[in-house]
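In the text below, chain A, chain B and the rest are named by the order of the sequence lines, each starting its count at 1. Side chains included, hydrogens not; waters and symmetry mates left out as well; all remaining heavy atoms used.
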Protein chains: 2
Amino acid sequence: MTTIPNTTRSTRQRGEVLALLRDTDSSHSAQQLHQMLRERGAKVGLTTVYRTLQLLVDAGEADSTRLPGGEQLFRLCGGTHHHHLVCRRCGKTVEVAGPAVEKWADRVAAEHGFTDVGHTIEIFGHCTDCA
Amino acid sequence: MTTIPNTTRSTRQRGEVLALLRDTDSSHSAQQLHQMLRERGAKVGLTTVYRTLQLLVDAGEADSTRLPGGEQLFRLCGGTHHHHLVCRRCGKTVEVAGPAVEKWADRVAAEHGFTDVGHTIEIFGHCTDCA
DNA sequence: ATAATTACTGGAAACGATTACCGTTCCGGT
DNA sequence: ACCGGAACGGTAATCGTTTCCAGTAATTAT
């Protein structure tokens, strides 16, 4: 029986992860973040990094995008619905809004009788620095 | 030194995979396809299924979409650029075109100086049968 | 046809990212 | 300070996928 916690505690590790995320405007994998934490001298286990990231995603404070290769990248982001423009090389990320696209997706789905509709829209490329 | 083949051979296994793909209009994972082949009595190794699917994707005869969970789904598809509306439950897939969305993606990327631009657009939902 | 060449096959082992386990640590309310 | 349970973190397991490599079979050359 999986027990569901009813409180969320503030720990040093969660603070370190959050602080690190606030110091960057790029998307990074959990493993990259773990390595970066180690480099700045913050001792946080890889497992905890994953857990914290998932927590943030669930709380809507961060979101994740998946590279074509399958690995997940994370970053903090605002609460409003948006999508991302991500540099394939360095991970630099720009939030973009596309109200028209949202509507298009919903309309297309509705036309085919689909319900509980969601969508995945990511734009990849090389940023000016990496081109 | 990796030797690159300069011919492509037609084998029973590749025929079986292709035949199976032609019998469905849904997206399936490599493992599902492998299982389906086994059920119809076609002996094809899982490795070969993966290899053949990748071959088809490279040749532009099939394409793959990635579920939020990370696993790859495959299906045959036409050569023109398009996106997919996929049922999360049964995999039923509809090809959809969105010229306006393509242009939007390219324009947004260009505005931020990104080059070599590509995008990922998938719509998920539950089809009429699975709702 | 037959032989020589080389792509293909497939089971097992390796892989990389992520998750589960579980004993230990430590946050937070009393 | 005490206690209960949330969180930690190292290790082992899982999952989808790829690599290895020795055996098989499709093509090409003789």
Pairwise side-chain contact, T93(B) with L73(B), heavy-atom cut-off 4.5 Å (strictly under) = no
query = What is the bend of the helix from dA1(C)-dT30(D) to dT30(C)-dA1(D) when you compare the axis at one end with the axis at the other, using five pairs each and rounding to 10°?
reply = 30°
ask   = Applying ring pair (Phe, Tyr, Trp, His ring centres under 6.0 Å), which residue pairs with at least one partner in residues 53-96 of chain B are found, sequence neighbours left out?
value = H81(B)-H83(B), H81(B)-H119(B), H82(B)-H84(B), H83(B)-H119(B)
note = Result for 5'-nearest mapping on DNA chain D, choosing between L73(B) and R14(A), is R14(A)
Same cluster (ILVMFWY, side-chain, under 4.5 Å), F124(A) and V96(A) = no
request  = Sequence neighbours left out, what pairs pass side-chain hydrogen bond (donor to acceptor under 3.5 Å, both in side chains) with at least one residue falling in residues 68-79 of chain B?
outcome  = S64(B)-Q72(B), R75(B)-E95(B)
message = If hydrophobic clusters are built from ILVMFWY residues whose side chains come within less than 4.5 Å, do V49(A) and L67(A) share one?
response = no
query = Are any of the side-chain heavy atoms of D23(B) and R40(B) separated by less than 4.5 Å?
reply = yes
inquiry  = Quick check on DNA chain D: between G70(B) and P5(A), whose nearest nucleotide comes earlier from the 5' end?
reply    = P5(A)
request  = Only counting residues at least two apart or in another chain, list the ones meeting side-chain hydrogen bond (donor to acceptor under 3.5 Å, both in side chains) with T11(A).
outcome  = none
CG-CD1 distance between L85(A) and I123(A), expressed to the nearest 0.5 angstrom = 5.5 Å
message = Please tell me whether V101(B) and F114(B) are part of a single hydrophobic cluster in this structure, the criterion being side-chain heavy atoms less than 4.5 Å apart.
response = yes
remark   = Which of L53(A), L46(A), L20(A) passes side chain to side chain contact (heavy atoms under 4.5 Å, CB included) with H34(A)? It is L46(A)
query = dT18(C) phosphate, OP1 or OP2: any side-chain N/O from Q72(A) under 4.0 angstrom?
reply = yes
inquiry  = Could you tell me if the side chain of L18(A) sits less than 4.5 Å from the side chain of T52(A), heavy atoms only?
reply    = no
key: Length of the CD-P vector between Q54(A) and dA17(C), whole Å   = 17 Å
inquiry  = Enumerate the side-chain hydrogen bond (donor to acceptor under 3.5 Å, both in side chains) contacts for residues 122-131 of chain A, please, sequence neighbours excluded, ordered by first and then second residue.
reply    = H126(A)-D116(B)
inquiry  = Please report the distance, rounded to the nearest Å, between CG in L53(A) and C1' in dT18(C).
reply    = 12 Å
Sequence neighbours excluded and cut-off under 3.5 Å, please list the side-chain donor-acceptor pairs for residues 104-111 of chain A, or say none.
unit_1  : atom_1 : unit_2  : atom_2 : d
R107(A) : NH1    : E111(A) : OE2    : 3.4

key: Heavy-atom side-chain proximity of R66(B) to T120(B) below 4.5 angstrom   = no
inquiry  = I'd like to check the side-chain hydrogen bond (donor to acceptor under 3.5 Å, both in side chains) partners of E16(B); sequence neighbours left out, ordered by chain and number.
reply    = R12(B)
Could you go over nucleotides 1-4 of chain C and give all protein N or O partners under 3.5 Å, atom names and distances?
none

query = Quick one: OG on S27(A) to CG on L76(A), what's the gap to the nearest 0.5 Å?
reply = 10.0 Å
Give each protein N/O atom lying under 3.5 Å from an N/O atom of nucleotides 28-30 of chain C, with the pair distance.
unit_1  : atom_1 : unit_2 : atom_2 : d
dG28(C) : OP1    : S10(A) : N      : 3.2

inquiry  = Quick check for you: name the first and last nucleotides of DNA chain D, 5' to 3', having an atom under 4.0 Å from a heavy atom of chain B.
reply    = dG16(D) to dT27(D)
Close residues, residues 17-31 of chain A, relative to DNA chain C [heavy-atom separation under 4.0 Å] = Q31(A)
request  = Using a 4.5 Å cut-off on heavy atoms from C-beta on, say whether the side chain of Q13(A) contacts that of V17(A).
outcome  = no
message = Distance check needed: dA17(C) P versus F74(A) CZ, whole Å only.
response = 12 Å
key: Heavy-atom side-chain proximity of L33(B) to V44(B) below 4.5 angstrom   = no
message = Give the residues of residues 32-51 of chain A touching DNA chain D, defined as any heavy atom closer than 4.0 Å, sorted by residue number.
response = K43(A), V44(A), G45(A), T47(A), T48(A), R51(A)
query = What's the CG-C1' distance between L55(A) and dT18(C), to the nearest Å?
reply = 16 Å
